[in-house]
Amino acid sequence: MLCYIDICLFVSVLLTAGNGPTDVEAQIKSKVAASTKAAQRILKEVLSVANGGTWGPWSGPEFCAEGYYATGYSLKIEEKQGKGDDTALNAIRLKCRKGNNSPSTGGTISAQEGRWGQWSETTDCPLGEQLVGFRLQVEAKQGRGDDTAANTVNFRCRSFNGGATNIIGTRGFWGKVGAWSQTCPLGSAICGLEVRIEPNQGRGDDTALNDAKFYCCSQ
């Protein structure tokens, strides 16, 4: 599993460079850093949902450092634009913490960001719990209307070694809330993420963040 992710990251870097991004060096550094962190983790599950949007490429994964897990999150959301082009959800940021109750911080991770919106305050799991599952609220394709794709994400929290789960998160502006992903196996929690974001369409209809995956680690 770890080797597979490293290979994907390497291929992603080559494809990105071939497409001529504005800052290839920065993207390569990000991919290498993510690959190094991935090699330190023991992955147990990749969480995904079936209702994600279909526009844009996948970012490649980003991981908390070894021993750190996601205990909270914040969202970058563009407010309603009235007669303008709405994009809603633009990015997801995970807060990394070490251990089950430790205040030790591992900073934050965000695989990629859309360009619009403002970051929300962090929403945290109850003390001693980590993120272990998610669901997306996604607006279906609007035809000639204004598409927004993913609008928000909710998470399930649970203690690393089991127990009851708690739901955190709120509703977004548009779309339906989909089914929950699988839950991280006991002895694991979310340690990384990958997002699907449509690039800026210029004068076209922008949707920003479309879909997401989350990685469960046991170490």
Side-chain angles (χ1 to χ4, degrees), residues 1-6 8-9 34-52 58-75 89 91-111 120-138 150-172 176-196 209 211-219:
M1 176 67 79
L2 295 176
C3 292
Y4 174 75
I5 287 180
D6 288 346
C8 283
L9 286 167
S35 178
T36 300
K37 290 181 179 179
Q40 299 170 342
R41 310 309 302 257
I42 298 178
L43 302 183
K44 289 295 186 181
E45 192 80 51
V46 180
L47 306 180
S48 61
V49 292
N51 67 322
W58 285 96
S59 63
E62 293 287 338
F63 291 91
C64 296
E66 181 180 7
Y68 290 80
Y69 303 90
T71 61
Y73 73 100
S74 58
L75 303 177
L89 184 60
I92 302 169
R93 179 186 289 161
L94 299 182
K95 183 169 87 172
C96 302
R97 291 293 182 271
K98 191 169 187 176
N100 207 36
N101 293 288
S102 172
S104 177
T105 178
T108 61
I109 56 171
S110 180
S120 69
E121 294 294 325
T122 300
T123 300
D124 291 303
C125 287
L127 185 64
E129 296 183 3
Q130 293 85 28
L131 304 180
V132 293
F134 80 105
R135 65 183 178 187
L136 288 177
Q137 181 181 339
V138 179
N151 273 239
T152 195
V153 58
N154 299 154
F155 286 96
R156 275 183 168 146
C157 301
R158 187 201 64 207
S159 174
F160 192 76
N161 292 313
T165 60
N166 293 285
I167 296 172
I168 57 174
T170 59
R171 282 192 63 89
K176 294 183 179 180
V177 177
W180 285 100
S181 71
Q182 292 180 292
T183 302
C184 291
L186 293 182
S188 68
I190 288 175
C191 64
L193 79 163
E194 183 172 359
V195 293
R196 185 174 196 168
L209 198 146
D211 202 354
K213 299 176 185 177
F214 295 90
Y215 294 83
C216 301
C217 295
S218 63
Q219 179 176 305

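These values consider heavy atoms only, across backbone and side chains, with no hydrogens, waters or symmetry-generated copies.
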Rounded distance (nearest 0.5 Å) linking atom [atom1] of [X] with atom [atom2] of [Y]:
{"X": "C157", "Y": "Y73", "atom1": "SG", "atom2": "OH", "result": "8.5 Å"}
{"X": "Y69", "Y": "E129", "atom1": "OH", "atom2": "CD", "result": "15.5 Å"}
{"X": "C191", "Y": "I42", "atom1": "SG", "atom2": "CD1", "result": "10.5 Å"}
{"X": "L131", "Y": "C216", "atom1": "CG", "atom2": "SG", "result": "10.0 Å"}
{"X": "I92", "Y": "T108", "atom1": "CD1", "atom2": "OG1", "result": "13.5 Å"}
{"X": "W58", "Y": "R196", "atom1": "CH2", "atom2": "CZ", "result": "6.5 Å"}

Counting C-beta onward and ignoring hydrogens, is there a side-chain heavy-atom pair between [X] and [Y] closer than 4.5 Å?
{"X": "C125", "Y": "I168", "answer": "yes"}
{"X": "S181", "Y": "F214", "answer": "no"}
{"X": "L43", "Y": "F63", "answer": "yes"}

Single hit among L75, L209, V49, L193 for side-chain contact (heavy atoms from CB on, under 4.5 Å) with V153: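 Passing option: L75.
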Under 3.5 Å donor-acceptor, [X] side chain and [Y] backbone:
{"X": "N51", "Y": "L136", "result": "yes"}
{"X": "T165", "Y": "R158", "result": "no"}
{"X": "Y215", "Y": "A189", "result": "no"}
{"X": "D211", "Y": "V195", "result": "no"}
{"X": "R171", "Y": "K176", "result": "no"}

- prompt: Can you name the one residue among D124, T123, T122 that meets side chain to side chain donor-acceptor pair (under 3.5 Å) with K95?
  reply: D124
So, for [X] and [Y], which heavy atoms are closest and what is the spacing to 0.1 Å?
{"X": "G107", "Y": "R97", "value": "O-NH1, 4.0 Å"}
{"X": "T152", "Y": "G172", "value": "CG2-N, 3.4 Å"}
{"X": "F160", "Y": "Q130", "value": "N-OE1, 3.2 Å"}
{"X": "S218", "Y": "K44", "value": "OG-CE, 3.4 Å"}
{"X": "I167", "Y": "R156", "value": "CG1-CG, 4.2 Å"}
{"X": "C184", "Y": "L47", "value": "SG-CD1, 3.9 Å"}

message: Working note: Y68 + I109, criterion side chain to side chain contact (heavy atoms under 4.5 Å, CB included); need CA distance, chi angles, decisive distance, verdict.
response: CA-CA 11 Å; Y68 290 80; I109 56 171; over 6 Å; no
query: Hey, is C96 close enough to C64 that the SGs sit under 2.5 Å?
result: yes
